[in-house]
Amino acid sequence: MASYSFINFIFLFLLYSLHVIATVHTIMPPAVMLCHDHERSALLHFKQSLSLNESASGDSSAYSKTESWKARGENGTDCCSWHGVECDEKTGYIIGLHLNSAFLYGILGSNSTIFTLVHLQTLNLADNDFQSSTIPHEISHLSSLSRLDLSFSGFSGPIPTKLSKLFKLAYLDLSGNYLSGIFPVDIFHLPHMLVLDVGDNENLTGVLPEFNRTSSFKELRLSFTKFSGKLPISIGNLQSLTGLRLKACNFSGPIPTSITNLTQLTLLSLSYNKFSGHLPISVGNLQSLAILNLNDCYFSGLFPTSIANLTQLTYLSLSSNNFSKSRKISWLDNLTKLTYLDLNSSNIHGDIPSSLANLTQLAYLYLDSNYFTGEIPVCLTNMTHLIELSLSNNELTGPILSSFSQLENLEVLDLSGNNLIGTVEADIFFTHKKLEFLSLSDNNITFITHHHINFTIPTLRGLQLNGCNLREIPYFLKLKNNLEFLFLHENNIHGKIPYWIWNVSDNLEAVDLSSNFLTSIEHNLTVFSNKSLEVIDIGNNMLQGNLPVPPPNTIRYIVSNNSLTGDIPPLICSGMSLKVLDLSYNNMSGPIPPCLSNSLASLSLQSNKFSGTIPQLYSEDCDLEEIDLSQNQLKGEVPRSLISCKMLQILDLSDNQIEQTFPVWLGTLPQLQVLFLHSNKFHGALGSPRSPLEFPMLRIIDVSHNSLTGVLPVEYIKIWNAMKMNSPDTELYITTNIKFKTRSSIWGNPDLQSSITLVNKGVETEYKQILNILTAIDLSSNNFTGEIPESLGTLKELELLNLSNNELTGPIPRSLANLTKLESLDLSQNKLTGVIPQQLASQLTSLEFFNVSYNLLSGHIPQGSQFGTFDNNSYVGNSGLFGFPISKNCGTVHSPPADGDEGDSDDTYEFPSGFDWMFILAGVGSGLVVGYVMGNILTDGYPWLISSIAQSFACREKKQRRAKRSIIRR
Ligand SMILES: *[C@@H]1O[C@H](CO)[C@@H](O)[C@H](O)[C@H]1NC(C)=O
Ligand SMILES: *[C@@H]1O[C@H](CO)[C@@H](O)[C@H](O)[C@H]1NC(C)=O
Ligand SMILES: *[C@@H]1O[C@H](CO)[C@@H](O)[C@H](O)[C@H]1NC(C)=O
């Protein structure tokens, strides 16, 4: 027994020694074996054609391998001993070039001498920077190549079709480049191909071929490309396949059942495609699978319970598909090796099963955005391997268990958006040594902390306690920590904002204390000192005093809906990062500093007492997408320098004292969609455009309550094309597309998105985004004369048309009946004559408000559809109108309320009850948007439309009321 072991040992030792000798041989051939002169000079030419640049390689082990390549000196003649060069022992020809991560920098031209090394079997140039070189066709001269690795090397352009001439190729890696064009399909058919990786080439297109049975593929990696089409049934022929990575391509169609023949598969990733249909029931045959990634497709039907057979699974993601409602997830119980389980947004109802606790290896568990009810099972808090746990946006009830303190490895805990109740003591979380993100927002809980406790959560980076009945800012934050994001909006925090909050950590990036009862900022802060702060939202409080200057790195600064007084401090302009500034609804006064336009994308100063003229822009670079200066005391003219704001979408200058003729030059702003100029002193005619290309995007124009004269703008009606054409996306939002990223990304790649609150006419409604509601023209309360042009009927997208209170004459054109989307039509208080066209009644089926009162109309009131719902008030003051709903005798004259011209002024008249048009006009633009949208946290667009129009909003609001706010991960 003993001697056997000894012999065994000797044998193994010999084997080992042989192995060592062999290894040494390949790296360091015997000195006698010199390389061929022409190959040596080819290498030297290759070296000279490129430079070395440390930034060219990302790998930490990178070094400049070609530095040892020298014509003279110790290794001068033997290129086989140079770094990265491998020669054939017998022939001395170069068979391998291992120049990955070698700081190579420059263009790889088609004349590169590297293509003369025709004995090459391995060419590895990965992780260098070939500065957008295209891969030269000459690579096909290297006909012995079996391994080619050009990954992450800055190549661009198409993949040469001649690559498919390299018949010996077994391993091809072109991933992580900037390749475009169509992938040469013949490469799939190379007879020895084992591993093909072209992933991470975002503009590379292609389709999968029919695979035949002789295919030897082991790995196919196409993730993050634009490959499209269906998976061919013949994919089932790739019997040796162990890995199939198709994540984030454009594939569609069903998954062929044949895929379940691939019994060697250990990894299957199909997520982020447009795959649809039911998952094959036989998916349970893929018994080697360790990783199954099917999230974010359009799979439907029930979860195939045969997944329960995949007992080797460690990673399972099925989230965000269209699976049908399911109540049981007990099929999971067998998958005891799972460490990662994502069933987010999977339409699961019922209780969270206690049996989940059998999955003792689980480290990542996401069950958010389902319909789970009942209490959080106690056993969940025994799953001590958990690192991330999200149960957010369900319908869970009951208390937050104090046994959560057992989950000592937790880094992320998100229980937000449920119906959890009771008090939660901060102490629960003080045992967590790794907790980075905690969200308990939007439940019915009361979060309490004790002052005497000397504990904190030092690892905490994000804390979200919105709507948690906080009466003060959690005291434990006062101890030094690493907080980056602090969201405490909609609580009951009264009094001063404590000074220490701005300095709780050196990394603090975002603070949201909005919608509390805060009255002042401690120390009457004039300048925030924390340099890392990028987002400050203290809107919707009761803050008094002057505006503190945000730190220079701040991107979003929201102070709206407070009681601030005083000027805008000029120092604010030192913050060149500021993108969003919202000071609306305060009592601030003084002039608007011209420097404000420097970096801003969104400026909202609505409803203050700012005075003086609107300043000219400082520079020609204007990034402004939204300007709201409405409801102030601004004088003078609209500054012409706004013409450089090519991104401007929304301009609201209403309710000021601007005095000039209509600024026709606004027509040159290519993105302008919404223009509010009402309630100012604009005068003269609207005029006509200077080019048919003006106002290409305009959908809403409100110039009401001014002193404009002349005829209605027939020439503008011709060119307002956005009001004529159905926009391709009917749910289009007006978004001010402000994108920015915070320095660090936390929680993987989350999209933390809070809702926006729109306060309109006192009705508070929550939106995810503000709708691009209307196409509207409001020219009311001016002195326009002449007839209503027939051509108005071409603005087919119009939803609101208000021409009331002018001096218009002539008939109501029949063409208005073409405005079938019209919800509100007001022609009252003019001098219109003739009949109300019957077509209006038959075609305007969306009409909710109609007013032709106080004109000189006559004839029968049209009947039908919506017209049955309008009462007397729509028609009064027209002596010649008769029929339903006029109840009085024909001939009764009603006088208009104010500027009564030809009526009996004693005749009392009441405006339609419950609808105050004047109020609505005044309310145009009084919509207030506060809040924030954060992605990555802030990767996506954040929309906020300051302005809203008239009463049709109200019903839209109801229809489009959005779901409660949510944290959307991934
Ligand atoms: C010569 O080659 C040997 C073996 O590859 C290497 O260790 C040494 O650094 C080289 N010398 C020079 C000067 O490049
Ligand atoms: C390759 O061609 C370029 C011009 O196309 C030239 O500048 C370069 O010197 C050539 N390189 C070699 C190694 O001949
Ligand atoms: C891909 O194409 C788009 C559109 O042409 C372009 O904006 C983008 O820069 C391209 N990406 C790469 C990596 O070349």
Side-chain angles (χ1 to χ4, degrees), residues 50 53 55-59 62 100-101 103-110 112 124-137 139 148-163 172-185 187 196-208 220-229 245-252 269-274 296-297 579 601 621 623 625 646-647 649 670-671 696-697 727-729 732-733 735-741 745 749 751 935-936 938-943 970:
L50 299 166
N53 185 335
S55 70
S57 302
D59 196 290
N100 48 311
S101 306
F103 299 145
L104 299 177
Y105 184 83
I107 301 288
L108 187 71
S110 58
S112 174
N124 188 347
L125 298 175
D127 188 28
N128 290 292
D129 187 355
F130 294 102
Q131 293 198 287
S132 303
S133 301
T134 48
I135 299 174
H137 288 286
I139 200 149
L148 175 61
D149 188 346
L150 304 180
S151 61
F152 295 92
S153 265
F155 284 102
S156 72
I159 296 174
T161 49
K162 284 191 174 167
L163 265 188
L172 176 61
D173 189 348
L174 304 176
S175 63
N177 284 293
Y178 308 102
L179 300 171
S180 54
I182 303 173
F183 182 79
V185 75
I187 293 177
L196 174 64
D197 189 348
V198 292
D200 290 290
N201 285 291
E202 64 170 312
N203 290 334
L204 181 66
T205 60
V207 292
L208 292 179
L220 195 50
R221 302 179 190 159
L222 309 176
S223 298
F224 299 100
T225 62
K226 293 244 159 34
F227 268 75
S228 58
R245 299 174 196 245
L246 306 180
K247 183 176 182 175
C249 298
N250 274 341
F251 287 108
S252 54
S269 179
L270 306 178
S271 54
Y272 299 98
N273 278 288
K274 294 175 191 141
D296 292 86
C297 293
K579 289 261 170 251
D621 300 328
D623 293 334
E625 296 177 26
K646 299 294 182 210
M647 317 276 278
Q649 296 183 44
Q671 301 293 329
M697 304 285 276
S727 56
D729 185 357
L732 200 93
Y733 296 104
T735 61
T736 50
N737 210 10
I738 302 160
K739 293 189 178 182
F740 58 94
K741 284 190 177 194
S745 74
N749 185 21
D751 237 353
N936 178 27
L938 303 141
T939 40
D940 264 312
Y942 329 94
R970 291 173 299 281

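Note that ligands are numbered from 1 as they come in the structure, with each ligand's atoms numbered from 1 the same way.
Listed by first and then second residue, the side-chain hydrogen bond (donor to acceptor under 3.5 Å, both in side chains) pairs involving residues 174-183 are Asp173-Ser175 (not counting sequence neighbours). Applying the side-chain hydrogen bond (donor to acceptor under 3.5 Å, both in side chains) test to pairs two or more places apart or on separate chains, those with a residue in residues 150-163 are Asp149-Ser151.
Without hydrogens or angle criteria, Asp296 side chain to Ser271 main chain gives no donor-acceptor distance under 3.5 Å.
Looking at Asn53 and Ser55, their side chains do bring a donor and an acceptor atom within 3.5 Å of each other.
Under the side chain to side chain donor-acceptor pair (under 3.5 Å) criterion, Asp621 pairs with no residue, sequence neighbours left out.
Within 4.0 Å of ligand 3, heavy atoms belong to protein residues Tyr178, Glu202, Asn203.
Heavy atoms of other residues, nucleotides or ligands lying less than 6.0 angstrom from CD1 of Ile182 number 12 at most.
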